[in-house]
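Please read these numbers as outputs of a predicted model, since none were measured by experiment.
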2 protein chains.
Amino acid sequence: MEHNPSTQDPVAQILLLEDDAPLRERFARILAGWPGGRLVTACATLGEALAALGKHKVDLLLTDLRLPDGHGTEAIRQLRRLNPNADALVISVLADDETVLEAIEAGAVGYLLKDADSIELLEAIEEVRAGRSPISSSIARVLVRRMGAPAQNPTGPALTPRETEILRGIAKGFTYAELAEWLNISHQTVPVHIKNIYRKLAANNRSEAVYEASKRGLIRL
Amino acid sequence: MEHNPSTQDPVAQILLLEDDAPLRERFARILAGWPGGRLVTACATLGEALAALGKHKVDLLLTDLRLPDGHGTEAIRQLRRLNPNADALVISVLADDETVLEAIEAGAVGYLLKDADSIELLEAIEEVRAGRSPISSSIARVLVRRMGAPAQNPTGPALTPRETEILRGIAKGFTYAELAEWLNISHQTVPVHIKNIYRKLAANNRSEAVYEASKRGLIRL
DNA sequence: ATCAATATACCCCATTTATGGTATGCCCCC
DNA sequence: GGGGGCATACCATAAATGGGGTATATTGAT
């Protein structure tokens, strides 16, 4: 994640999307007194935000997720369609896996949980602008759980080392013959392992096996 | 990630693994004056740590990654083999994707970058014990980049909507016939799309296509 | 000492894929 | 109004795969 100061506007054009009026105004006040960015608009609804995104160049979107007329991820998606270099920072009370993952997938690079200790908004914005990802620790846990240690908690039957090797080979598109040569075994033995893999993964063919194994964290792509 | 106070020892048994003597001692001193945990041992090498893990019950591992005789992820793996409920918190200067992902995969739930502002060790430990994931923002960016918005930054040639649909079907193991029925098109048309997919992804068969597409973020598994 | 799991090897055959063509209708953009 | 990209459809054939057997050697655990 290179940062090129020449293409990076030193003063960020900020769009704020937050339906709670007191909070929105609080954020707006904080931003008003901050030289690092300019608040383009403060919106209370998704509709307003989508309209505003069409009218103004926005570098940074600060957004809530649960909105009266839709979901903040829509604003994130629209932002990144219009300007792939723009960043989105989520500020939400929602912390369930699905919501968090959807926001990250939509393109959010930061995610602050709206709770407890007052949010260090400007600090987080600076982090984002510097190419880092400020994320509340509860939210980070979702990502860690999602990415991490699936090898320790395999969902179904475990694959033997040999099977894992072969599975990796399959994922890379090797044919039976190539796998046999690669592993220095008979081209007759390869399908045996593969059949066992299919049984364990409840798959019926190569691509489904790759899909299943990847979903279960047995291989990393 | 439920937290059950009854099975959670209120006083964490902590193993510290850090090869840099001054830092190790600094951490040890911090832990010594902290009622929330007990420092079982402070190790300087992977070997010592692996031995210590065999001898003592450890709830929390604080570890560096680059060690004179190996990699801290090995200690994490060993820890989690012995006690799947134990947590690992990485403290390292390393921030490259591969290192970070390997540590998370090994089972680390927190990752503090050893830099700049003095590490808030106790705060981070408390976060970990509370089931959260303290992660430095530079490190979090690695996770976000890995999980997020690849659809916005497709690496190679883009797939058409139809191709994407078919690719998803392939990943799920559908045959040509099933795909044709699913999409209500001729079973003759399916291979045409698939050929185009192969060309765009530089793949030669189904599993390689799934592998490539997943790596490029064109599909999410 | 035995059993279970793993890895190895071979055979057969129906089904599925991969690859090469050619061709038409649609829609959008310049 | 023509060009480009997309989706559609068909044909033919060689290669690869999937599923069914059976069998042996090794190894680690009981």
Side-chain angles (χ1 to χ4, degrees), chain A residues 54 81-82 151-152 154-216 218-219, chain B residues 54 77-78 81-82 151 154-214 216 218-219:
Chain A
R81 252 192 302 274
L82 295 170
Q152 268 78 27
T155 318
L159 296 184
T160 69
R162 202 47 148 186
E163 286 164 355
T164 305
E165 270 184 309
I166 295 211
L167 189 54
R168 275 186 225 285
I170 287 181
K172 295 196 176 153
F174 292 160
T175 66
Y176 286 10
E178 288 168 333
L179 284 168
E181 193 185 355
W182 181 42
L183 299 173
N184 283 315
I185 59 179
S186 158
H187 61 94
Q188 311 277 8
T189 303
V190 174
V192 176
H193 289 300
I194 294 186
K195 275 181 272 197
N196 290 330
I197 294 172
Y198 289 168
R199 191 169 33 71
K200 289 184 181 176
L201 297 182
N204 299 299
N205 54 53
R206 304 160 72 84
S207 51
E208 194 178 2
V210 171
Y211 176 76
E212 272 300 322
S214 165
K215 240 187 3 179
R216 302 190 191 184
L218 296 170
I219 58 174
Chain B
R77 275 185 256 271
Q78 178 71 0
R81 253 192 301 274
L82 296 171
T155 318
L159 297 184
T160 68
R162 202 46 150 183
E163 286 163 358
T164 304
E165 269 183 309
I166 293 209
L167 189 54
R168 276 187 225 283
I170 287 182
K172 294 194 177 154
F174 293 161
T175 66
Y176 286 10
E178 290 168 331
L179 284 168
E181 193 185 354
W182 182 42
L183 300 173
N184 283 316
I185 59 180
S186 158
H187 61 94
Q188 309 279 6
T189 303
V190 174
V192 176
H193 290 299
I194 294 186
K195 276 183 276 196
N196 289 330
I197 294 172
Y198 289 169
R199 192 170 30 72
K200 289 184 180 176
L201 297 182
N204 300 299
N205 54 53
R206 302 159 75 82
S207 51
E208 194 177 2
V210 171
Y211 177 76
E212 273 300 322
S214 166
R216 301 190 191 185
L218 296 170
I219 58 175

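With rounding to whole Å, Asn184(B) atom CG is found 10 Å from dA9(D) atom P.
The two residues Leu201(A) and Ala213(A) make their nearest non-hydrogen contact at CD1-CB, 4.0 Å. Of all non-hydrogen atoms in Ile194(A) and Arg206(A), the two that sit nearest each other are CD1-NH1, 4.5 Å. Of all the heavy atoms in Gln188(A) and Val192(A), the pair that sits closest is O-CG2, 3.7 Å.
Projected onto DNA chain D by closest heavy-atom contact, Ile194(A) and Asn196(B) fall at different nucleotides, the more 5' of which corresponds to Asn196(B). Judged by closest nucleotide on DNA chain D, Ile185(B) is the one of Lys195(B) and Ile185(B) placed further toward the 5' end.
Note on the helix from dA1(C)-dT30(D) to dC30(C)-dG1(D): terminal axis deviation equals 60°, with five pairs used at each end and the result rounded to 10°.
Within the structure, the salt bridge (charged side-chain N to carboxylate O under 4.0 Å, His left out) test picks out no pair touching residues 170-198 of chain A (sequence neighbours left out). Evaluation of the ring pair (Phe, Tyr, Trp, His ring centres under 6.0 Å) test over residues 183-203 of chain A, restricted to residues two or more places apart or in two chains, returns none.
If you walk DNA chain C from 5' to 3' and mark each nucleotide with an atom closer than 4.0 Å to a heavy atom of chain A, the marks span dT6(C) to dC11(C).
Nucleic acid contact class of Pro191(A) (heavy atoms, under 4.0 Å, all strands): none.
Residues that satisfy the ring pair (Phe, Tyr, Trp, His ring centres under 6.0 Å) test with Tyr176(A), not counting sequence neighbours, are absent from this structure. Considering only residues two or more places apart in sequence or on other chains, Gln78(B) meets the side-chain contact (heavy atoms from CB on, under 4.5 Å) condition with Leu50(B), Leu53(B), Arg81(B), Leu82(B).
The side chain of Thr189(B) contributes no N or O atom lying less than 4.0 Å from OP1 or OP2 of dC10(D).
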What does the list of N/O pairs under 3.5 Å between the protein and nucleotides 12-17 of chain D look like, with a distance for each?
unit_1, atom_1, unit_2, atom_2, d
dT17(D), OP1, Arg206(A), NH1, 3.1
dT17(D), OP1, Arg206(A), NH2, 3.4
dT17(D), OP2, Tyr176(A), N, 3.0

Distances for protein N/O vs nucleotides 23-27 of chain D N/O pairs under 3.5 angstrom?
none

Under 3.5 Å, which donor-acceptor pairs link side chains of residues 161-169 of chain A to any protein atom two or more places apart or in another chain?
unit_1, atom_1, unit_2, atom_2, d
Arg162(A), NH1, Glu165(A), OE1, 2.8
Glu163(A), OE1, Thr160(A), N, 3.0
Glu163(A), OE1, Thr160(A), OG1, 3.4
Glu163(A), OE1, Lys200(A), NZ, 2.8
Thr164(A), OG1, Thr160(A), O, 3.0

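Atom CG of residue Asn205(B) and atom OH of residue Tyr211(B) lie 12.5 Å apart, to the nearest 0.5 angstrom. Rounding to the nearest 0.5 Å places CG of Asn204(B) at 10.0 Å from OG1 of Thr175(A).
One N or O on the side chain of Ser207(B) and one on the backbone of Ile170(A) form a donor-acceptor pair closer than 3.5 Å.
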